[in-house]
Every structure is written in structure tokens, then in C-alpha cells.
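What follows is a single structure, written as C-alpha cells, with notes after it.
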Amino acid sequence: MLIREFVDQDWSQVWPIIEEVIRAQETFPYDPTMTADQSYGMWVEAAPGRTAVAVDGQRVLGTAKMGTNRPGPGAHVATASFMVAAENRGRGVGTALCREALTWARQQGYAGMQFNAVVQTNRSAVELYQREGFAVVGTVPGAFRHPTLGRVGLHVMYQKF
């Protein structure tokens, strides 16, 4: 597996990953009716942010976006998001993308990384982030409407560098 910069030719493989994740409505608080064009604008980060893909040969396994969490006085904290194709989950793709984002953020001089909305019931993501040094610093009760579990919490997770 190689992690590299996203290029426009990757979109034909990245969009189906995003589409599957947002349509499932289990792990991301994105509008499930979002189109490919809307998703492109939301997912593909402009510089100084970064969008990356994890690939095996020409096949995209997963994707990440990273950048500044908030502008102005909050610009010293990074954020990132990750999506992995369903058939590639549990194979270390998410971990590799998370580590890539952490390395990138440190190299850019950020003071830490914050995840704003980690669905509490997304155990694999929560456990991955905790293994990589993040802590849950707060949970907004009932802030995410899960399709089968009803309203569940959204964690704010943080790692200081």
C-alpha cells in the first residue's frame, strides 16, 4: 500500500467510497443526498490543506483530507477525515491514513489535531484514534441520528503534539 497525493484522475474511485459512506449514514454527518460535485468541493482540500489516497497499484483503497481545523485564532490546530472502501476495512488502511495525516500536521507545524464529530458508535474509528494517541475530550449527546440506533453521541477527539 502506498499513500500519495490525490490527483483529479482518482476521483472516479474516490467518489464511490464517499458515496457509500455518506449514504449509509452510520459514520459521517454529511448530507446523504450530496452529489459527486458537491462531495468533490467538500472533500478535496485546497492548499495549504491536503487530500491523499491510499492505493494498491492503481486501485484506491481509501482517502483522507487534512487541513486547518478553524481559521484565525484556532489555525494552529489541524483536523482530518478518513474514508476507506468497505472491502478494504480492517486491513490497516485507516491506520495508515491517520498516521499520514498526523505526520503531515506535525510537519506543517500544527500544535495538535482535533476531530470534531466522531460518531460514538463508530467503535473501529474511536479505537483507532485512541491507539494513535487521541483522547475523547467531550461528547455531544444525541447529536448524530444513526439509521438503526437512533440518536447517538458525537465525540470531539484531540491529540496535542
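- For F161 and Y110, the ring centers sit 6.0 Å or farther from each other.
- Linking Ile, Leu, Val, Met, Phe, Trp and Tyr whenever their side-chain heavy atoms come within less than 4.5 Å puts F82 and V136 in one cluster.
- Counting only N and O atoms by type, the side chains of T51 and W43 include no donor and acceptor under 3.5 Å apart.
- For Q25 (side chain) and H146 (main-chain N/O), no donor-acceptor pair under 3.5 Å exists by modelled atom type.
- Between V156 and Q114, the closest side-chain pair of non-hydrogen atoms falls below 4.5 Å.
- The shortest side-chain heavy-atom distance between V118 and V126 falls under the 4.5 Å cut-off.
- Residue-environment remark: CD (Q58) stays at or below the threshold of 12 foreign heavy atoms within 6.0 Å.
- Checked against side-chain hydrogen bond (donor to acceptor under 3.5 Å, both in side chains), W15 has no partners two or more places apart in sequence or in another chain.
- Ring pair F134/F115: centre-to-centre distance below 6.0 Å.
- Distance CD/E132 to OG1/T95: 6.0 Å, rounded to 0.5 Å.
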* What do the steps show when you test V84 against L61 for side chain to side chain contact (heavy atoms under 4.5 Å, CB included), and what is the final call? -> CA-CA 6 Å; V84 176; L61 310 174; 5.6 Å; no
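- Scanning all heavy atoms of the two residues, the minimum distance from A52 to I3 falls at CB-CG2, 4.1 Å.
- Contact between M113 and A101 at its shortest, heavy atoms only, is CE-O, 3.5 Å.
- Although no hydrogens or angles enter the test, the distance criterion places a donor-acceptor pair under 3.5 Å between the side chain of T35 and the main chain of Q38.
- In this structure, R145 places its CZ atom where only 12 or fewer heavy-atom neighbours from other residues, nucleotides or ligands lie under 6.0 Å away.
- No single ILVMFWY cluster, assembled from side-chain heavy atoms under 4.5 Å apart, contains both L102 and Y158.
- We find the CG-OG distance between N116 and S81 to be 8.0 Å, quoted to the nearest 0.5 Å.
- Salt-bridge annotation for D10 and R4: present, with a side-chain N of the basic residue lying under 4.0 Å from a carboxylate O of the acidic one.
- For the residue pair Y40 and D8, a side-chain donor N or O sits within less than 3.5 Å of a side-chain acceptor on the partner.
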* To do: Take L154 and T139 through the test side chain to side chain contact (heavy atoms under 4.5 Å, CB included) and record every step on the way to the result.
  => CA-CA 5 Å; L154 281 177; T139 304; 6.0 Å; no
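- When the side chains of ILVMFWY residues are joined at heavy-atom separations under 4.5 Å, either directly or via intervening members, L2 and F6 end up in a single hydrophobic cluster.
- When only modelled atom types and interatomic distance are considered, Q120 and N122 share no side-chain donor-acceptor pair under 3.5 Å.
- Legend: residues meeting ring pair (Phe, Tyr, Trp, His ring centres under 6.0 Å) with F28, ordered by chain and number and at least two apart, are Y30.
- A continuous path of hydrophobic side-chain contacts links I22 to V53 [ILVMFWY only; heavy atoms under 4.5 Å].
- The minimum heavy-atom distance between C98 and Y129, with the atom names listed, is SG-CD2, 4.1 Å.
- Two residues are said to be in side-chain contact when any heavy atoms from C-beta on lie closer than 4.5 Å; V44 and K65 fail this criterion.
- Considering every non-hydrogen atom in both Q130 and M157, the closest pair reads CG-CE, 3.8 Å.
- Counting only distance, with no hydrogens or angles, the side chain of R50 and the backbone of M66 share no donor-acceptor pair below 3.5 Å.
- Between the R151 side chain and the A143 main chain, no donor and acceptor come within less than 3.5 Å of each other.
- Atoms NE2 and OG1, from H76 and T68 in turn, are 10.5 Å apart once rounded to the nearest 0.5 Å.
- Counting heavy atoms from C-beta outward, E100 and T103 have side chains that stay 4.5 Å or more apart.
- T33 and D31 form a side-chain donor-acceptor contact under 3.5 Å, judged by distance and modelled atom types alone.
- Scanning both residues, S39 and I18, for their nearest heavy atoms gives OG-CG2, 4.0 Å.
- One finds the CD1 atom of I17 at 7.0 Å from the OG1 atom of T63 (value rounded to the nearest 0.5 Å).
- Using a 4.5 Å cut-off on side-chain heavy atoms (C-beta onward), T121 and F144 make no contact.
- For the pair P147/E26, a side-chain contact is recorded, criterion being any heavy-atom separation below 4.5 Å from C-beta on.
- Considering CG of N88 and CE of M1, their distance stands at 9.0 Å, rounded to 0.5 Å.
- Here the shortest heavy-atom pairing between V93 and A54 reads CG1-CB, 3.8 Å.
- Using a 4.0 Å cut-off between a side-chain N of Lys or Arg and a carboxylate O of Asp or Glu, R23 and E19 qualify as a salt bridge.
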